[in-house]
Number of protein chains: 2
Amino acid sequence: MAQPTMQQVAERAGVSLALVSLVMRQAPNVSDYRRQLVLDAAEDLGYRPNVLARNLASRQTSTIGVVLNDIHNPFFAEIIDGIQAAFDEAGYRVLIGNGKRSPSGEAEMIETFLQFRVDGIISAGATMSMSSIEAASESTKMVVVGRSSRSQLIDSVNTDDVSGARMAVDHLIELGHHRIAHIDGGTGAGAEARRRGYSEAMTDHGLSAEIVTACGDFTESGGYLAASELLSQSSQPTAIFAANDLSAVGALHRLEDAGLTVPDDVSIVGYDNTALAAMQHLSLTTVNQPRDELGCLAVKFVLERLRDERTDPVHHMVAPTLVKRKTSSRLTTGAPT
Amino acid sequence: MAQPTMQQVAERAGVSLALVSLVMRQAPNVSDYRRQLVLDAAEDLGYRPNVLARNLASRQTSTIGVVLNDIHNPFFAEIIDGIQAAFDEAGYRVLIGNGKRSPSGEAEMIETFLQFRVDGIISAGATMSMSSIEAASESTKMVVVGRSSRSQLIDSVNTDDVSGARMAVDHLIELGHHRIAHIDGGTGAGAEARRRGYSEAMTDHGLSAEIVTACGDFTESGGYLAASELLSQSSQPTAIFAANDLSAVGALHRLEDAGLTVPDDVSIVGYDNTALAAMQHLSLTTVNQPRDELGCLAVKFVLERLRDERTDPVHHMVAPTLVKRKTSSRLTTGAPT
DNA sequence: TTAGGGAATTAGAGCGCTCTAATTACTCTA
DNA sequence: TAGAGTAATTAGAGCGCTCTAATTCCCTAA
């Protein structure tokens with residue numbers, strides 16, 4: 001498993017170690033003749049630069065770590081696309097870490113990335129404490145996506161979840177619903193804001209007495225359980241606003257199991273507008289988060305920091321939009337009580 | 001962003017650099033007294049080991065890279081779970097790379113991992129050429145999952161896709177179907193074997209004249225398009241066997257768009273048994289690939305190589321099982337022609 | 001012919017760590 | 001109390017690269 005080194009390439013090409021280094025770094029001021037000599041020697045030997053050594057010496061890795069809160073949630077898989085494309089273009093490579101939906105899992109991944117001395121870290125949907133994230137920012141450029149923040153140290157990009165949630169609720173109210181329940185995201189990123197948007201919208205429409213929140217956790221099974229809870233209550237909702245698509249799907253299943261029809265008996269609105277929601281078979285009404293935009297902005301912020309173009313923190317909010325599909329419809333009389 | 005080094009910890013603790021190194025590596029034969037001294041100093045300074053330097057010197061990273069063919073395909077996200085759990089236990093950390101469903105994307109990720117000198121790489125659903133993968137195996141321990149291989153250099157773990165495909169077809173034939181079409185996976189991993197299993201099963205039942213294959217690519221949109229193609233043919237199928245769940249879902253949507261009912265008009269069977277297929281709303285009949293087992297075996301093989309317990313290649317095949325759900329049913333007379 | 005100047009090349013000192021070998025500090029026995 | 005044996009500690013070389021400064025080369029202009 002011994003790998004050829006620059007030294008060996010240099011010897012084979014009959015030049016100095018330093019010249020090989022210059023060629024590998026595509027430095028200017030290297031004659032075409034020797035450049036080719038080095039390239040050929042490297043090719044012959046199957047030389048591959050050792051990033052560890054390179055970065056030990058140069059103090060940078062040209063690598064960005066992205067920590068995903070949950071690799072199973074399509075929302076995060078989708079946000080990766082924009083991030084990856086933008087970094088590819090800028091000449092950085094991206095490594096992905098799975099936070100396993102737990103603060104400790106995220107912390108471990110961040111620690112791993114820090115030990116690898118990545119140039120920057122983007123944390124998507126982090127659930128760990130802001131202070132832990134800030135601690136990491138002492139060692140690298142950190143940007144948080146999909147979570148609100150007012151940190152003085154870290155940039156953040158996220159969707160205006162309060163207004164997103166309001167849109168969802170307003171939509172249901174427009175359709176004539178009053179008994180609108182919310183399945184929340186527990187301690188997940190954005191859960192608090194969506195909960196607040198829900199309450200505010202309900203209150204604004206004089207429906208504060210109808211506010212009912214069931215605990216979820218951004219997973220399908222969490223949504224299923226939460227829907228069970230809602231069904232067991234004396235006054236069943238005619239509409240449900242779930243904190244994300246995954247839990248909306250879980251709730252949908254629970255309602256179907258109970259013999260209820262969506263949207264005829266109960267309307268459901270999700271959040272995220274993942275590919276899941278877009279599936280025609282589901283066709284979930286949901287709130288769109290512009291993932292590409294979120295990803296691109298996050299990258300932009302990291303790059304700005306990397307290039308020392310800015311030191312003050314930026315907190316950007318992008319506007320959500322409502323996507324009306326087939327799981328929400330006008331309240332019909334004779335809905336279950 | 002300057003990070004404290006071992007040297008600084010040593011000075012603060014009043015001991016030698018070497019001793020700090022021993023403490024960090026949890027070596028025995030260090031007195032409790034000095035160990036504490038070092039630990040305290042490290043804590044005070046916020047010291048974090050530099051993996052780059054550590055591994056440059058020790059020639060190992062305790063890190064495994066996992067290249068996923070497509071981070072959007074739930075199958076791969078699910079296979080990660082088993083892999084991660086097994087490596088956590090063995091004291092390795094795992095980094096994930098997204099192959100972006102292209103051989104070049106996979107190659108780039110493998111190259112990145114190699115440059116980081118990871119101790120091993122697991123490639124899930126690789127579509128790149130076997131020879132490229134073998135080239136990588138000269139520099140690290142490589143194991144391939146979800147793709148058949150007879151390589152003399154690389155271990156592989158995969159499902160017996162030929163028999164998996166046969167199960168799907170046999171099931172449909174048992175239900176009375178004859179005109180069974182296949183939406184294949186193009187050049188994707190396992191696509192060839194599934195295609196072969198389909199053909200063999202059809203031939204065995206004297207249905208070789210009914211063999212119809214539409215080209216897919218393991219994505220939902222690919223399945224949608226392939227189904228369009230099948231619908232436009234003069235003799236429409238009464239059942240479709242899709243090469244994976246994602247394309248089965250795509251086909252399902254196409255059929256629904258055409259006003260057909262599944263399974264009454266057309267039965268559909270997928271492959272993988274992802275969470276998607278299990279969703280009650282879809283309830284897709286599919287062929288289960290034991291992802292946990294695949295992941296654990298892959299890890300086992302990597303670890304064996306890492307511990308030099310074995311040098312001969314191992315090719316393990318696990319048995320698939322049929323999961324009957326609601327998208328397949330007995331052929332009813334009066335099916336579309 | 002030669003000084004000057006820019007381009008091309010190289011020497012050599014690190015980067016932060018591990019690891020072998022050597023040294024020093026103890027403990028126990030005779 | 002010396003000597004042996006073991007435990008604890010340290011010196012120092014080296015991992016594969018980058019980077020600054022120094023050197024060499026080559027071309028032009030006087």
Side-chain angles (χ1 to χ4, degrees), chain A residues 1-39 41-42 45-63 91 112 114-119 139-140, chain B residues 1-39 41-42 45-63 111-112 114-119 139-140:
Chain A
M1 296 273 154
Q3 300 266 37
T5 68
M6 267 196 181
Q7 185 61 54
Q8 295 172 36
V9 175
E11 279 162 18
R12 183 172 187 117
V15 300
S16 72
L17 207 203
L19 219 223
V20 178
S21 173
L22 288 176
V23 172
M24 290 304 157
R25 279 177 286 150
Q26 342 227 41
N29 295 346
V30 173
S31 64
D32 286 348
Y33 173 68
R34 311 232 171 178
R35 181 187 302 281
Q36 202 51 55
L37 230 48
V38 169
L39 257 20
L45 256 32
Y47 172 75
R48 175 167 9 241
N50 182 331
V51 179
L52 304 191
R54 184 204 293 257
N55 304 147
L56 216 211
S58 70
R59 245 145 297 197
Q60 48 159 7
T61 50
S62 299
T63 302
T112 294
L114 287 179
Q115 291 189 9
F116 269 93
R117 300 298 195 263
V118 294
D119 293 342
S139 316
T140 194
Chain B
M1 295 271 153
Q3 300 265 34
T5 69
M6 266 196 182
Q7 185 61 56
Q8 295 172 35
V9 175
E11 279 162 18
R12 183 173 187 114
V15 300
S16 71
L17 208 204
L19 218 223
V20 177
S21 172
L22 288 175
V23 172
M24 290 303 158
R25 280 178 285 150
Q26 346 226 37
N29 295 345
V30 173
S31 65
D32 286 347
Y33 173 65
R34 313 232 168 179
R35 179 186 304 279
Q36 203 51 54
L37 232 46
V38 169
L39 257 20
L45 257 32
Y47 171 75
R48 171 164 15 239
N50 182 330
V51 179
L52 305 189
R54 182 204 293 256
N55 303 148
L56 216 213
S58 70
R59 245 146 294 209
Q60 48 159 5
T61 50
S62 300
T63 302
E111 180 65 26
T112 294
L114 287 179
Q115 290 189 8
F116 270 93
R117 300 296 195 264
V118 293
D119 293 342
S139 316
T140 193

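Every chain is numbered from 1 and lettered A, B, ... according to where its sequence line falls, protein lines coming before strand lines.
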Are the side chain of [X] and the backbone of [Y] linked by a donor-acceptor contact shorter than 3.5 Å?
X        : Y        : result
B:Arg25  : B:Val23  : no
B:Thr61  : B:Arg117 : yes
A:Thr140 : A:Val118 : yes

How many angstroms lie between atom [atom1] of [X] and atom [atom2] of [Y], to the nearest 0.5 angstrom?
X       : Y        : atom1 : atom2 : answer
B:Asn55 : B:Asp119 : CG    : CG    : 7.5 Å
A:Ser16 : A:Glu11  : OG    : CD    : 11.5 Å
A:Gln7  : A:Arg12  : CD    : CZ    : 14.5 Å

[X] has an atom [atom1]; how far is it from atom [atom2] of [N], in whole Å?
X       : N      : atom1 : atom2 : result
B:Gln26 : D:dA8  : CD    : C1'   : 18 Å
B:Met24 : C:dC17 : CE    : C1'   : 12 Å
B:Leu17 : D:dA11 : CG    : P     : 9 Å
A:Gln60 : C:dC15 : CD    : P     : 17 Å
A:Leu19 : C:dT9  : CG    : P     : 5 Å
B:Glu11 : D:dT9  : CD    : C1'   : 17 Å
B:Arg54 : D:dG16 : CZ    : P     : 18 Å
B:Asp32 : D:dA8  : CG    : C1'   : 12 Å

Where the side chain of [X] is concerned, which of [options] is the nearest nucleotide?
X       : options                : value
A:Leu56 : C:dA8, D:dG16, D:dT9   : D:dG16
B:Ala57 : D:dT9, D:dG16, D:dC15  : D:dC15
B:Ser31 : C:dT9, D:dT9, D:dG16   : D:dT9
A:Ala18 : C:dC17, D:dT9, D:dC19  : D:dC19
A:Ser58 : D:dC19, C:dT10, D:dC17 : D:dC19
B:Val15 : C:dC17, D:dC17, D:dT10 : D:dT10

Check: Closer to the 5' end of DNA chain C via nearest nucleotide, is it B:Arg25 or A:Pro28?
Finding: A:Pro28
Do the side-chain N or O atoms of [X] get closer than 4.0 angstrom to the phosphate oxygens (OP1, OP2) of [N]?
X       : N      : answer
B:Arg34 : D:dA8  : no
B:Arg59 : D:dC15 : no
A:Asn29 : C:dA7  : no
B:Tyr47 : C:dC17 : yes
B:Ser16 : D:dT9  : no

Note to self: Please classify the nucleic acid contact of A:Leu52 as base, sugar-phosphate, or nothing, using heavy-atom distances under 4.0 Å.
What the structure shows: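 Counting heavy atoms under 4.0 Å across all strands, no contact is made by A:Leu52.
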